[in-house]
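Have a look at the structure below, then the notes.
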2 protein chains.
Amino acid sequence: MITKPTIKDVAKLAEVSIATVSRVLNGSPLVQEKTRQRVWKAIEKLNYKPNALARGLINKKTQTVGMIIPDISNAFSAEVVRGIEDIANIHNYNVILCNSDLDFQREMKYVTTLQEKQIDGLIFLSEQVTDEHLDCFIESRLPVVLVATHDDKGLLPSVNIDNVMAARVATEYLLGLGHRRIAFISGPFDDPIAGITRLTGYKQGLQAKGLPVLEELILEGDFTYKTGYRNMRKLLQLQPRPTAVFAASDEMAVGAMNAILDNGLKVPADIAVLGFDNIDLTTKVRPRLSTIAQPMYDMGAIAMQMLIKILTDAPLEKRIVKLPFELIIRESCSVKK
Amino acid sequence: MITKPTIKDVAKLAEVSIATVSRVLNGSPLVQEKTRQRVWKAIEKLNYKPNALARGLINKKTQTVGMIIPDISNAFSAEVVRGIEDIANIHNYNVILCNSDLDFQREMKYVTTLQEKQIDGLIFLSEQVTDEHLDCFIESRLPVVLVATHDDKGLLPSVNIDNVMAARVATEYLLGLGHRRIAFISGPFDDPIAGITRLTGYKQGLQAKGLPVLEELILEGDFTYKTGYRNMRKLLQLQPRPTAVFAASDEMAVGAMNAILDNGLKVPADIAVLGFDNIDLTTKVRPRLSTIAQPMYDMGAIAMQMLIKILTDAPLEKRIVKLPFELIIRESCSVKK
DNA sequence: CTGTTAGCGCTTTCAA
DNA sequence: TTGAAAGCGCTAACAG
């Protein structure tokens, strides 16, 4: 069986030393033009590809980064990942994908494996970054950038959106349309990233207008279609009915929307619906749903840019980045009250 | 600055040779229990992690595979990728993710880079596998498994669904409901994977019943929401109207659905709608759409299993796998004519 | 400008 | 049961 050609084979064929081949490969200027051409010819003839393992062993750089995310099959993560990979690709990095399912054990196992593979840096998406996470990251001495999350102590660079502000602006928008009974289908009350923050924003929006926060109008979901649907059914029983619902995720918003329609009511004529997230499909499959657009792609892209800066010792202007969001208004909440 | 501990450091601390450390690391039985324990203690104390690059250099195995896909932010790919990663993870492989955007140049560049990184195998998703692709794969001598595509010559192992059969069964289902004027919104007529195949299945379904294939009922889209919407508008002008539409993608089906609703008609009372694909969101966000479920996750998982078998020299029962699909019937086409 | 040589961190004979 | 030494494919001094 024929083995892969190595630098030696190239050297032999080009009748030079392996050092010269190495120089040509790395674009060193101190090689005669004639020699360089001979070497390239040999490289092409043999279809030689340098071995990145051997290179990495010496350079202590692999041009590879790790990326630990909860679940790629979730449209969110997928957008972020695309942003990461695009920027990585531009800078000649490759990306190792790891699905954690938010399982701490798996996260830790991945960190170990990635360390062994000598990755240059790590991008980490998760719900909450605990002290154990932090310990592990520090111990690993890997450059880490957090996405869509942050650590309490602000030790690690991160990129995020301002969930409180986003929810507040959205609430104020609904108020501006004339709505006064605005229900809120929240994420889990113990989720510090996308749960309480958005709830807080909702409350702030009401309070800024001097309106009361009514407990009956606030229900807890878990971001899924099902809890959106169920909670909306409960809300429909209230007297008087809310005139608008703001859900902390698009999936819940769509669930709510279907619950409303199933009840024989109209969106937005009877009840306006506003979601949160803007996964790709919101705009494509559900072009009628109003939503708060989280720039998922940008979050990934910017996180990767930050990582690259760290890896190249470029200065980071900001360690904690908060990206602007966008309010996308469609039919589902476009009618003035 | 403290450097990473190497096998030398462990050897020194445990007062053994590096060979012994290596044996312990690789679970060799010919190490005394006492020595083994001393070594493990040293490993833990130093928090030593073996360098996978050095290992790979010798073993010619990296426990890493590459995965070239068109676009991870597309819900399809994401499902497949999840299947791939899950199986890879079980077998202690990592996965390098590459987005090609179906650009041949990028695909080739990725293959080169992945080769340099000494991946053990490659999973390739694309629309069409050309002869150039084939040349490149063969030249690379990498084990390759194709997903959701195949090569004409059947040289490479692949996993797929039977698009013709799927579309035929779907058409027959609609016929079984009593529909006789069934429109078909096709994918591009020059797409050999998901275009003509599904169209063929549709035609076969009609012909098997002795029904004519009417050109006016067949329109060409490109799988997107927009073309579904537009084509449906055209179909609505026909006299008589079709009583059912079968779209070659869920996005087009949803587009068609909205066009029907916008026209003041009801689904499925006036017109039944059937899609194709079953991306995750179809079931979650669009629980009312009937569809042909392509087992995307399974395709990824099975492809990875095949690759693992190839890598471990296990026999492959089948080189060309065709997975069964599933007809998921929901409200959108549940009414008998 | 080019070649020689010493490793990078590890596995694997071969001896002891 | 253990250690010494060779070498995987490459880069980077150092010499010439």
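Being a predicted model, the structure only gives us computed values, none of them experimental. Excluded from the calculations below are hydrogen atoms, water molecules and symmetry mates; all remaining heavy atoms, backbone and side chain alike, are included. Order of the sequence lines sets the chain letters (A, B, ...), proteins ahead of strands, with each chain counted from 1.
When the side-chain nitrogen and oxygen atoms of R55(B) are compared with OP1 and OP2 of dG9(C), none of them lie within a distance under 4.0 Å. Within the structure, a side-chain polar atom (N or O) of T35(A) is placed less than 4.0 Å from OP1 or OP2 of dT2(C). Distances shown here put a side-chain N or O of K60(A) below 4.0 Å from the OP1 or OP2 atom of dG9(C). Taking 4.0 angstrom as the limit, S22(B) places none of its side-chain polar atoms (N or O) nearer than this to OP1 or OP2 of dC10(C). For N59(A) and dC8(C), the shortest distance from a side-chain N or O to OP1 or OP2 is not below 4.0 Å. Using a 4.0 Å cut-off, no side-chain N or O of K34(A) falls inside it from OP1 or OP2 of dC1(C).
Checking dA13(D), dG9(C), dT11(D) against every side-chain atom of I58(A), the shortest atom distance belongs to dT11(D). The side chain of A19(B) has dG3(D) as its nearest neighbour among dT2(C), dT11(C), dG3(D). Ranking dG3(D), dC8(C), dC1(C) by closeness to the S17(B) side chain, first place goes to dG3(D). With distances taken from any side-chain atom of L57(A) to the nucleotides dT2(C), dT11(C), dG9(C), the minimum falls on dG9(C). Minimum atom distance to the side chain of Q32(B) is reached by dT1(D), of the listed dG9(D), dT2(C), dT1(D). Distance from the side chain of L30(A) is smallest to dT2(C) among dT2(C), dC10(D), dA4(D). Nearest to the side-chain atoms of T20(A) among the listed nucleotides dC14(C), dC10(D), dT2(C) stands dT2(C). If you check dC10(C), dT2(D), dT11(D) against the side chain of I18(B), the one that comes closest is dC10(C). Checking dT1(D), dC10(C), dC8(D) against the side-chain heavy atoms of P50(B) singles out dC10(C) as nearest.
As a whole-Å value, the separation of N51(A) CG from dG9(C) P is 16 Å. Between E15(A) atom CD and dC1(C) atom P the separation is 20 Å, expressed in whole Å. Residue R23(B) contributes atom CZ, which lies 11 Å from atom P of dA4(D) at whole-angstrom precision. Atom-to-atom, NZ of K8(A) to C1' of dG3(C) comes out at 15 Å; the value is rounded to the nearest Å. Rounded to whole angstrom, the span from the CG atom of L53(A) across to the P atom of dC10(D) amounts to 10 Å. Rounded to an integer number of Å, the gap from CG of D9(B) to P of dC8(C) is 11 Å. A straight line from CD1 of I7(A) to C1' of dT4(C) spans 14 Å, rounded to a whole angstrom. Atom pair N26(B):CG and dT12(C):P shows a separation of 7 Å (rounding to whole Å applied).
If Y48(A) and V16(B) are placed on DNA chain D by their nearest nucleotide, the residue sitting closer to the 5' end is V16(B).
A salt bridge links D101(A) with R82(B): the closest approach of a Lys/Arg side-chain nitrogen to an acidic carboxylate oxygen falls below 4.0 angstrom. A salt bridge between D131(A) and K153(A) is present, with a side-chain N of the basic residue lying under 4.0 Å from a carboxylate O of the acidic one.
Environment of CD in Q128(B): crowded, with over 12 heavy atoms of neighbouring residues, nucleotides or ligands closer than 6.0 Å.
Each end of the helix from dC1(C)-dG16(D) to dA16(C)-dT1(D) gets its own axis, taken as the rotation carrying the C1' atoms of four end pairs onto the next four within a five-pair window, and the two axes meet at 40° to the nearest 10 degrees.
Remark: of the listed residues T62(B), N51(B), N94(B), N94(B) is the sole one forming a side chain to side chain donor-acceptor pair (under 3.5 Å) with K117(A).
The line from CD1 of I69(A) to OG of S126(A) is 11.0 Å long, rounded to the nearest 0.5 Å. Rounding to the nearest 0.5 Å gives a distance of 8.0 Å between SG of C98(A) and CG of N89(B). Note that OG of S17(B) and NZ of K12(B) are 13.5 Å apart. Values are rounded to the nearest 0.5 Å. Annotation: the span from T113(B) atom OG1 to K49(A) atom NZ amounts to 10.0 Å, rounded to 0.5 Å. With rounding to the nearest 0.5 Å, the separation of CD in E79(B) from CD1 in I72(A) is 10.5 Å.
Within the nucleic acid shown, V21(A) has no heavy atom closer than 4.0 Å to any nucleic acid atom.
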